[in-house]
Amino acid sequence: WQDDADVADMRMPEPTEIHQRMLEGVGTWKGTMSAQYPGMPPMQSKVTETVEALGPFHTVTDFHAQFMGVPYHGHGIMGYDEASGEAFGTWTDNMSPHTSFRRGTVEIEGDTTTIEMRYEAPAPTGEMLPHRNVGVHTGDRYSMTFYMGEGDAEVRTMTLELERSE
């Protein structure tokens, strides 16, 4: 139980520049996905991603595409932990029982925001491998490149190219 004086002293934290830059991604994005996994034929699909703000600190993403000939639906949450200085996020989708827990960096240069995330996720074989993705936002354009493996064994697996549609 708190008295009114305690409540009056409570203040909501202010979003940082990084939080504000992440929120610039709010909107509807449309574009293409190009995927090339080792041992599999190349794939292309149209994609739609809707990003909503969850208050001033987080975003919630809803992603739709065709992947390996079936509808793909992914859902993620992303934010920035000011105490650790890291971006963080989760990702889950309809094609895997796995949820990815991601951590990474945010770089701001002019009107470009680059977010690099690292995580463990299953390869198409089901084997858990290190993954990373690098997203680059500039105004109404956004690209994201995905990699699987690490070091000399790292391979690019997918690229998204999107434009804001709303």
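- Legend: residues meeting side-chain contact (heavy atoms from CB on, under 4.5 Å) with Thr105, ordered by chain and number and at least two apart, are Glu116.
- Looking only at distances, no side-chain donor or acceptor of Asp140 sits under 3.5 Å from a matching main-chain atom of Arg164.
- Side-chain contact between Ser45 and Tyr72 is absent, with no heavy atoms from C-beta onward closer than 4.5 Å.
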Scan the side chains in residues 25-35 for donor-acceptor partners under 3.5 Å anywhere in the protein, sequence neighbours excluded, and list what turns up.
from	atom 1	to	atom 2	distance (Å)
Trp29	NE1	Gly25	O	2.9
Ser34	OG	Gln44	NE2	2.3

Where do His75 and Val60 land on the side-chain contact (heavy atoms from CB on, under 4.5 Å) test, with the steps shown first? CA-CA 7 Å; His75 190 74; Val60 177; 3.4 Å; yes
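- Under the 4.0 Å criterion applied to side-chain N and carboxylate O atoms, Glu154 and Arg132 are assigned as salt-bridge partners.
- Side-chain contact between Ser100 and Met117 is absent, with no heavy-atom pair separated by less than 4.5 Å.
- The CD atom of Gln36 lies 10.5 Å from the OG1 atom of Thr159; values are rounded to the nearest 0.5 Å.
- Between His19 and Tyr80, the ring planes lie perpendicular to each other; the angle is over 60°, past the 30° to 60° tilted range.
- Cluster annotation: Met148 is connected to Met40 through the hydrophobic network of ILVMFWY side chains, with a link wherever side-chain heavy atoms come within less than 4.5 Å.
- Phe88 and Phe63 are members of different hydrophobic clusters when ILVMFWY side chains are connected at heavy-atom separations under 4.5 Å.
- Taking hydrophobic clusters as Ile, Leu, Val, Met, Phe, Trp and Tyr residues chained together by side-chain heavy-atom distances below 4.5 Å, Phe146 does not share a cluster with Val136.
- No side-chain N or O of His98 forms a donor-acceptor pair with one of Asp93 less than 3.5 Å apart.
- Tyr147 and Met43 fall into different hydrophobic clusters, defined by Ile, Leu, Val, Met, Phe, Trp and Tyr side-chain heavy atoms under 4.5 Å apart, directly or through other members.
- Both Met78 and Val106 are members of a single hydrophobic cluster when ILVMFWY side chains are connected at heavy-atom separations under 4.5 Å.
- Counting heavy atoms of neighbouring residues, nucleotides and ligands inside a 6.0 Å radius, atom CD of Glu52 does not exceed 12 of them.
- Listed for the Glu82 side chain is no donor-acceptor partner under 3.5 Å among the backbone atoms of Glu86.
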Applying side-chain contact (heavy atoms from CB on, under 4.5 Å) to Thr16 and Arg21, what does each step give before you reach the verdict? CA-CA 9 Å; Thr16 66; Arg21 293 299 279 266; over 6 Å; no
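- Residue Arg141 places its CZ atom among 12 or fewer non-hydrogen atoms of other residues, nucleotides or ligands, all under 6.0 Å distant.
- The distance from the CZ atom of Phe101 to the OG1 atom of Thr92 is 8.5 Å, given to the nearest 0.5 Å.
- Note that the CD atom of Gln20 and the OG1 atom of Thr113 stand 11.0 Å from one another [nearest 0.5 Å].
- Interatomic distance, Ile77 CD1 to Thr90 OG1, rounded to the nearest 0.5 Å: 4.5 Å.
- Thr48 is not listed as a side-chain neighbour of Lys46, based on a closest heavy-atom distance of 4.5 Å or more.
- When all heavy atoms are compared, the tightest approach of Pro56 to Leu23 is O-CD1, 3.3 Å.
- Distance CZ/Arg156 to CG/Asn133: 14.0 Å, rounded to 0.5 Å.
- Taking both residues in full, the closest heavy atoms of Val70 and Met95 are given as CG2-CE, 3.3 Å, listed atom of the first, atom of the second, then distance.
- Rounding to the nearest 0.5 angstrom, the gap separating the CZ atom in Arg118 from the NE2 atom in His131 is 12.5 Å.
- With Tyr142 as the partner, the side chain to side chain donor-acceptor pair (under 3.5 Å) test is satisfied by one option alone out of Glu49, Glu161, Glu163, His137: Glu49.
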Can you list the steps and then say if Tyr37 with Met158 is a side-chain contact (heavy atoms from CB on, under 4.5 Å)? CA-CA 8 Å; Tyr37 285 87; Met158 188 167 33; 3.9 Å; yes
